[in-house]
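Ligands are counted one by one from 1 in listed order, and the atoms in each one are counted from 1 as well. This one's a predicted model, so the numbers in the text were calculated from it and none came from an experiment.
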Amino acid sequence: MKRMEPSPPPVCPPCPTDITCKAMVAFGVNDLRECEVIVAPPRAGEVRVKIVCNALCHTDIYTLGGSDPEGLFPAILGHEATAIVESVGDGVRSVKVGDTIVPGYTPQCKEPDCIFCMSPKTNLCPRIRGTQGKGVMPDGTSRFTLKSDRSTIFHFMGCSTFSEYTVLAEISCAKINPSIPHEHACLFGCGIATGLGAVWNTAKVEPFSSVAVFGLGAVGLAVVQAAKAIGAHPIIGIDVNEKKFAIAKQLGCTDCVNPKDHDKPMQQVLIGMSPTGFGYDYTFDATGNTDVMRSALEAAHRGWGLMTIIGVAAAGKEISTRPFQFVTGRRCTGTAFGGWKTRDAIPMLVERTLKGEIKVEHFITHKFKGVAETTKALEALHSGDCLRAVVEY
Ligand code: NAD
Ligand code: AHE
Ligand code: ZN
């Protein structure tokens, strides 16, 4: 009788160790420098990922420029990326090494005790929002240290994608179909998904509704694209930069207006242009300017108009209007990430893009190579000719 040899013990995967890589570190307001950083292994419930490409969003600029009341320095910014899972911490089940993911700054814990994840009304899962706003991981500590002096670097929006490697909470990782071009996938990490969702989820624009969009950057143009797709008409685009008008009309704007061409408040100009003469069924702010938000609200239709705030206003800024605007039927809401439940929605948006139902290539106006070229991407975004600048790492 042949003696059964005991089977060899299972070989545990190598325990991940520190990774030293390049990152753009924000040391202070508008002080962004390429450094070597040490990225610690993922702890329980965390995932370490290799960033393959990152798109710059205006919110990165807003924080780098010192306008974010939660802004911390030194920090690694960035939140619109495509990444590959490098290692996972204890208990991680939804992703594995080698998976392609898009980080989500609005996580989705999916826990039965999360009244937000269990509600169809919102995507605002608060599971890690407290620590995220303090620039640390859920256990209150950072995974980033500066190689030169071992000082701690803060995380940003739970993403920190201005780095070749970063660590995310598992609930912030949306696993996607890897066959989508990485540069297209990253757009669903923030701006494009937000603009589409503002129309389809938050405002729930109906066919034949009239729409006015203030701000024709990538987010506002995604609003235009979504409004066109749902059959809205007319769609008016408003921007102080007329260079945006051509693409805005290609994507669905029936008219574009430059506030600089008018000496009247824009709400009066728009109401005069509106189909009923009483304003627009849906208006959107994608500028972050609180004066524009007032115009957008007051251009909403008497009796039923809904204004949606997408723009992020600087610390201390507030919106104002007469209560009469609400008494006469106007409503105002806002959207975070377009209302998408991150881990469910991003894979769905990627599948729709792969089927050709959602076009995104036109949003990429600049491409750069290497994390250090993030500075060139920032310059491009400031130039006014840029919608999304994608940096391939
Ligand atoms: P962007 O800077 O590329 O675009 C803003 C556009 O607004 C530009 O075309 C600019 O010319 C225009 N603009 C500026 N001032 C104006 C004015 N007074 N009147 C008319 N147009 C004006 O920014 P983006 O990446 O498209 O993002 C737009 C806004 O949305 C930013 O505030 C960003 O922080 C915010 N954002 C919010 C979310 C969210 O989840 N709520 C997600 C992404 C971005
Ligand atoms: N820390 C900022 C938050 C600004 C803000 O509103 N952020 C948006 C995302 S912008 C992405 O480009 C958001 O979704 N916020 C929801 C949240 O939970 O922060 C400030 O101004 O305080
Ligand atoms: Zn963003």
Check your understanding: Can you find an N or O of Val312 that's nearer than 3.5 Å to an N or O of ligand 1?
Key -> yes
Review point. Looking at Cys190, which atoms of ligand 2 are within less than 4.0 Å of one of its heavy atoms?
Key: 11 (C), 12 (O)
Point to revise | Among Val219, Asp291, Val257, closest by any non-hydrogen atom to atom 44 (C) of ligand 1 | key: Val219
Point to revise | Part of Met157 with heavy atoms under 4.0 Å of ligand 2, whether side chain, backbone, both or neither | key: side chain
Practice item. For atom 23 (O) of ligand 1, grab the closest protein heavy atom and report residue, atom and distance to one decimal in Å. Key: His58 CB, 3.3 Å
Practice item. Ignoring angles and geometry beyond distance, decide whether Cys386 reaches within less than 3.5 Å of ligand 1 through its nitrogen or oxygen atoms. Key: no
Review point. Looking at ligand 1, does Tyr105 have a heavy atom less than 4.0 Å from it?
Key: yes
Review point. In ligand 2, which numbered atoms sit nearer than 4.0 Å to a non-hydrogen atom of Tyr62?
Key: 2 (C), 20 (C), 21 (O)
Practice item. For atom 2 (C) of ligand 2, grab the closest protein heavy atom and report residue, atom and distance to one decimal in Å. Key: Asp68 OD1, 3.3 Å
Study note, to complete from the structure: With heavy atoms and a 4.0 Å threshold, my read on which part of Ala336 contacts ligand 2 is both
Check your understanding: Any idea which protein heavy atom is nearest atom 4 (O) of ligand 1, and the distance to it?
Key -> Gly217 CA, 3.4 Å
Practice item. Mark the output for His79 as yes if a heavy-atom distance to ligand 2 is under 4.0 Å, and as no if none is. Key: yes
**Study point:** Atoms of ligand 1 close to Cys57 [distance to a heavy atom under 4.0 angstrom, numbered from 1]
**Key:** 43 (C), 44 (C)
Review point. Counting only heavy atoms, which portion of Phe156 has something under 4.0 Å from ligand 2: side chain, backbone, both, or neither?
Key: neither
Exercise for review: Please could you name the atoms of ligand 2 that Pro69 approaches to less than 4.0 Å, counting only its heavy atoms?
Suggested key: 20 (C), 21 (O), 22 (O)
Study note, to complete from the structure: Atoms of ligand 2 under 4.0 Å from any heavy atom of Tyr105, numbered from 1 in the order shown, are 9 (C), 11 (C), 14 (O)
Exercise for review: Quick one: do Tyr282 and Glu206 satisfy side-chain hydrogen bond (donor to acceptor under 3.5 Å, both in side chains)? Show the steps, please.
Suggested key: CA-CA 10 Å; Tyr282 296 94; Glu206 306 96 345; 2.7 Å; yes
Check your understanding: If you look at every heavy atom in Thr100 and Thr82, which pair is closest and at what distance?
Key -> CG2-CG2, 3.9 Å
**Study point:** Among Thr161, Asp60, Thr63, the one residue meeting side-chain hydrogen bond (donor to acceptor under 3.5 Å, both in side chains) with His79
**Key:** Asp60
**Study point:** Shared hydrophobic cluster, Met157 / Ile192 (ILVMFWY, side-chain heavy atoms < 4.5 Å)
**Key:** yes
Revision key, fill the gap. Looking only at protein heavy atoms, what sits closest to atom 5 (C) of ligand 1 is Ala286 O, 3.6 Å
Practice item. Answer with side chain, backbone, both or neither: which part of Arg388 has a heavy atom less than 4.0 angstrom from an atom of ligand 1? Key: side chain
Point to revise | Pick from Leu221, Thr194, Asn241, Asn123: the one approaching atom 42 (C) of ligand 1 most closely through a non-hydrogen atom | key: Thr194
Revision key, fill the gap. Ligand 2 atoms nearer than 4.0 angstrom to some heavy atom of Cys57 are 12 (O)
Practice item. Identify whether Val85 and Val39 are in the same connected component of the hydrophobic contact network (ILVMFWY, side-chain heavy atoms under 4.5 Å). Key: yes
Practice item. Could you find the nearest protein heavy atom to atom 34 (O) of ligand 1 and give me its residue, atom name and distance? Key: Thr59 OG1, 2.8 Å
Practice item. Look at the side chain of Gln132 and the backbone N and O of Tyr105, then say whether any donor-acceptor pair between them is shorter than 3.5 Å. Key: yes
**Study point:** Option with minimal heavy-atom separation from atom 20 (C) of ligand 1, where the choices are Thr106, Leu216, Asp239
**Key:** Asp239
Practice item. List every atom of ligand 2 that sits less than 4.0 Å from any heavy atom of Val312, numbering the atoms from 1 in the order shown and giving each element. Key: 4 (C), 5 (C), 6 (O), 10 (S)
Review point. So is there a nitrogen or oxygen of Phe337 less than 3.5 Å from a nitrogen or oxygen in ligand 1?
Key: yes
Practice item. Using a 4.0 Å heavy-atom threshold (strictly under), name the region of Phe284 that reaches ligand 1: side chain, backbone, both or neither. Key: neither
Exercise for review: Could you tell me whether Glu111 and Arg127 have a side-chain N and a carboxylate O separated by less than 4.0 Å?
Suggested key: no
**Study point:** Stepwise side-chain hydrogen bond (donor to acceptor under 3.5 Å, both in side chains) test for His301 and Ser210
**Key:** CA-CA 9 Å; His301 205 287; Ser210 57; over 6 Å; no
Study note, to complete from the structure: Of all protein heavy atoms, the one nearest atom 18 (O) of ligand 2 is Arg129 NE, 2.7 Å
Exercise for review: Quick one: look at Cys190 and ligand 1, take heavy-atom pairs under 4.0 Å, and tell me if it's side chain, backbone, both or neither.
Suggested key: side chain
Point to revise | Over 12 foreign heavy atoms within 6.0 Å of CG, Asp90 | key: no
Check your understanding: Does Thr374 use its side chain to pair, donor to acceptor, with the backbone of Val371 at less than 3.5 Å?
Key -> yes
Practice item. Please assess Ile358 against Gln225 for the test side-chain contact (heavy atoms from CB on, under 4.5 Å), listing each intermediate value before the final yes or no. Key: CA-CA 9 Å; Ile358 299 175; Gln225 183 169 321; 4.2 Å; yes
Exercise for review: Using a strict 4.0 Å cut-off to heavy atoms of Gly311, name the atoms of ligand 1 that fall inside it.
Suggested key: 29 (C), 30 (O), 32 (O), 35 (C)
Check your understanding: What are the two closest heavy atoms between Phe154 and Leu72, and how far apart are they?
Key -> CD1-CB, 3.8 Å
Exercise for review: State whether the number of non-hydrogen atoms from other residues, nucleotides or ligands found under 6.0 Å of Phe27 atom CZ is greater than 12.
Suggested key: yes
Point to revise | Residue pair Thr106 / Asn123, side-chain donor-acceptor N/O under 3.5 Å | key: no
Exercise for review: Show which atoms of ligand 1 fall inside a sub-4.0 Å distance from at least one heavy-atom site of Ala336.
Suggested key: 40 (O)
Review point. By number and element, which atoms of ligand 2 are closer than 4.0 Å to a non-hydrogen atom of Glu70?
Key: 1 (N), 2 (C), 22 (O)
Study note, to complete from the structure: heavy-atom search around atom 10 (S) of ligand 2 in the protein gives Thr59 OG1, 3.4 Å
Review point. What atoms of ligand 1 come within less than 4.0 Å of a heavy atom belonging to Ala218?
Key: 26 (O)
Practice item. Could you tell me whether Glu392 and Lys367 have a side-chain N and a carboxylate O separated by less than 4.0 Å? Key: yes
Revision key, fill the gap. Of Asp285, Leu56, Val292, the one whose closest heavy atom lies nearest atom 17 (C) of ligand 1 is Val292
Exercise for review: Could you tell me the separation between the NZ atom of Lys175 and the CD atom of Glu170, rounded to the nearest 0.5 Å?
Suggested key: 11.0 Å
Exercise for review: Indicate, as side chain, backbone, both or neither, the part of Leu387 found under 4.0 angstrom from ligand 1 when only non-hydrogen atoms are considered.
Suggested key: neither
Review point. At the 4.0 Å heavy-atom cut-off, does Met266 count as touching ligand 1?
Key: no
Point to revise | Whether Gln108 side chain and Asp344 backbone form a donor-acceptor pair below 3.5 Å | key: yes
Review point. Quick one: angle His79 NE2 - the Zn ion (ligand 3) - Cys190 SG, to the nearest 10°?
Key: 110°
Review point. Is a donor on one side and an acceptor on the other found under 3.5 Å between the side chain of Glu86 and the backbone of Lys50?
Key: no
Check your understanding: Should Glu373 and Lys369 count as an ion pair when the cut-off is N to O under 4.0 Å?
Key -> no
Point to revise | Nearest atoms (heavy-atom pairs only) where Thr290 meets Ala313 | key: CG2-CB, 3.7 Å
Check your understanding: Considering only protein heavy atoms, which is closest to atom 37 (C) of ligand 1, and at what distance to one decimal place?
Key -> Ile310 O, 3.0 Å
